[in-house]
Amino acid sequence: MTFDQHLRGRFKYYDVLDTFLILDTILGKTRSYAGEHFLYRSTFAEVDYGDTTLSPETSTDRDDFIFGSAVYTPYRILVEFLAQPESTFTAFVKESGEQGLAKIGFVAAGDRRVEIEVDTKKFNVISIALTTPDDLYGDVRDEFTYSDYDDFGVSDGDATFTFAGHITERKHDIIVNEVRIAHDSTPIDNVSSILPRLSKGYALHEETPKPTEIMTATKFNSEIYFLEFRQAESRVLLVNFKEYLLVAEAPLTPENGELILKKAHDLFPNKPVRYFIFGHHHPWYLGGVRSMVHDGVTILSQPMDTAYVRQLVTFPHHLRPDMLEKEPHPLILETFDSTKTITDGDLEMQVLSLGKMSKHTDDYLMYYFPKYKLLFEDDLSGSVVGKPTRPADEREKGLYEGIKKYNLDVETIAQSWPNSPDYETIFSSSKLAEKVGMMAK
Ligand SMILES: [Zn+2]
């Protein structure tokens, strides 16, 4: 098994059981990034990887650190367990005497479900499973197993301590992290840069509440609407065919999917949303797919994406239930091979595969409306407002060549992301041609 990243470092927990210091370094191919993390009771301080100054930390950052430290040691999560009022964990307690294993569990900050498996003969932690809610992937289970327990020559008078020498982290049964621990007698306090810098007044920053999404509908014409998402910086395409509506793209979350559907029903009360299509498989375009399924919308997909769509639709969302979790609805999937035309006899939408030409993803699509000489694509171009025109990059060149390949007569290009006042996301095809013309020959 090979990993993209290697990490090396040292950690120490102090006699005062709720003090914990980690110094570790991400070893990159060309350079390394040192980081330092310090926890004392409810206070957390950190110099992030590659940084030299203390970063502003919130209680969420502290909790992420505590549960992330499971990759080094189960110790800090045990401390968290011991701090729980009994009422939060009793329901989970389970003991199977024969193997001498006990399973304890509790609900922790951030809706995390924590399960700790303990060897009741040696009182070693065998495994910890953390389940956390994710908008897209649902209840994500992260499993840490601890083995090769050893005292590593550490003793304190009569007391002996044992440490797990080998830790593996698995997600979806795939090992994503593997850690080996060795004893190092060098006092790490001496090389800490964080400890001397922590003044008496050091405190966690206030949590800034997540801003609520604001979505506005822009009428391009009576048949084509753009739904503009401020927080997600995304543009969704809503197409008004004679008998039904089509939604293209739904950024990041099921909540955003619901916003789109609500707006579609408000604008066109008597028309169903029949189709949902996504320009490629990234979360900005597929994040709201579960809401579409819940609403009975047919999902249009190329064969290469159907397995992923099925996963997104079937992943359990028990911890933070969305509408599809609360009211299950079967997936209605319709596949097409690279191109598809949707028409009501007057308005025609051509779905065209750009694929590898996009220099972004193999499943890349663009949508063309001959009636309006309009092309819609997700994220291939980027022109900063107010900056002089620059030569096209590879993705822009790919888009340009795609338009040529299909012989499209395009006047206007509308892009989904990044939809912010800083970027030109509705531009003329002549601007794209100009940029391609500026490329070095
Ligand atoms: Zn993308």
Side-chain angles (χ1 to χ4, degrees), residues 4 134-137 213 215 226-238 246-257 259-260 275-292 299-313 336 338-340 349-368 374-385 390 392-403 405-406 410 412-427 429 431-432 435-436:
D4 295 345
D134 181 273
D135 284 327
L136 200 55
Y137 303 116
E213 183 59 86
M215 187 200 69
F226 295 142
L227 308 181
E228 325 271 7
F229 282 78
R230 192 180 295 173
Q231 297 303 330
E233 299 193 328
S234 282
R235 171 176 294 129
V236 168
L237 177 66
L238 177 67
L246 174 145
V247 171
E249 328 310 358
L252 304 176
T253 66
E255 273 172 19
N256 288 343
L259 281 179
I260 294 167
Y275 293 120
F276 172 72
I277 190 163
F278 54 100
H280 64 295
H281 66 273
H282 289 163
W284 280 266
Y285 317 100
L286 203 46
V289 68
R290 290 175 56 88
S291 307
M292 301 296 152
I299 313 300
L300 299 175
S301 170
Q302 297 171 91
M304 71 175 99
D305 286 330
T306 54
Y308 184 52
V309 169
R310 280 181 208 285
Q311 271 190 318
L312 292 180
V313 169
F336 64 96
S338 61
T339 62
K340 181 177 177 71
M349 173 178 177
Q350 297 176 7
V351 176
L352 304 164
S353 163
L354 199 54
K356 285 184 175 45
M357 285 177 82
S358 67
K359 297 288 191 292
H360 187 41
T361 64
D362 290 355
D363 61 346
Y364 215 92
L365 299 174
M366 53 187 186
Y367 318 123
Y368 177 58
L374 170 72
L375 186 88
F376 189 97
E377 51 85 24
D378 288 343
D379 55 0
L380 292 182
S381 180
S383 293
V384 178
V385 172
R390 52 152 182 80
D393 61 21
E394 286 302 307
R395 289 188 190 185
E396 288 167 325
K397 187 171 165 241
L399 176 61
Y400 178 79
E401 286 172 351
I403 293 170
K405 176 187 164 185
Y406 289 105
V410 177
T412 310
I413 299 172
Q415 180 163 303
S416 176
W417 183 93
N419 185 13
S420 84
D422 299 337
Y423 288 91
E424 263 178 45
T425 49
I426 296 181
F427 49 94
S429 64
K431 169 116 190 208
L432 180 67
K435 288 170 96 173
V436 173

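Note that the structure is predicted; figures quoted are calculated from it, not measured. First listed ligand is number 1; within each ligand, the first listed atom is number 1.
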(message) With 2.8 Å as the threshold, which protein atoms of type N, O or S lie near the Zn ion (ligand 1)? Leave waters out.
(response) His280 NE2, His282 ND1, His360 NE2, Asp379 OD2
(message) Could you work out, with side-chain contact (heavy atoms from CB on, under 4.5 Å) as the rule, every residue matching Thr425, not counting sequence neighbours?
(response) Arg235, Gln415, Asn419, Tyr423
(message) Can you see whether Glu249 engages Tyr367 through a side-chain donor-acceptor pair at a distance of less than 3.5 angstrom?
(response) yes
(message) Does either side chain, that of Ser381 or that of Lys431, offer a donor lying less than 3.5 Å from an acceptor on the other one?
(response) no
(request) With sequence neighbours left out, write down each residue that passes ring-ring contact (aromatic ring centres under 6.0 Å, His included) with Phe226, or none if nothing qualifies. (result) Phe220
Which donor-acceptor pairs under 3.5 Å do the side chains of residues 282-290 make with protein atoms, sequence neighbours left out?
{"unit_1": "His282", "atom_1": "ND1", "unit_2": "His280", "atom_2": "NE2", "d": "3.1"}
{"unit_1": "His282", "atom_1": "ND1", "unit_2": "His360", "atom_2": "NE2", "d": "3.4"}
{"unit_1": "Tyr285", "atom_1": "OH", "unit_2": "Asp379", "atom_2": "OD2", "d": "3.2"}
{"unit_1": "Arg290", "atom_1": "NE", "unit_2": "His317", "atom_2": "NE2", "d": "3.3"}
{"unit_1": "Arg290", "atom_1": "NE", "unit_2": "Asp322", "atom_2": "OD2", "d": "2.5"}
{"unit_1": "Arg290", "atom_1": "NH1", "unit_2": "Leu312", "atom_2": "O", "d": "3.0"}
{"unit_1": "Arg290", "atom_1": "NH1", "unit_2": "Val313", "atom_2": "O", "d": "3.1"}
{"unit_1": "Arg290", "atom_1": "NH1", "unit_2": "Phe315", "atom_2": "O", "d": "3.4"}
{"unit_1": "Arg290", "atom_1": "NH2", "unit_2": "Asp322", "atom_2": "OD1", "d": "2.9"}
{"unit_1": "Arg290", "atom_1": "NH2", "unit_2": "Asp322", "atom_2": "OD2", "d": "3.4"}

(request) Please test Lys405 against Glu401 for salt bridge (Lys or Arg N to Asp or Glu O under 4.0 Å), starting from the C-alpha separation and ending with a verdict. (result) CA-CA 6 Å; Lys405 176 187 164 185; Glu401 286 172 351; over 6 Å; no
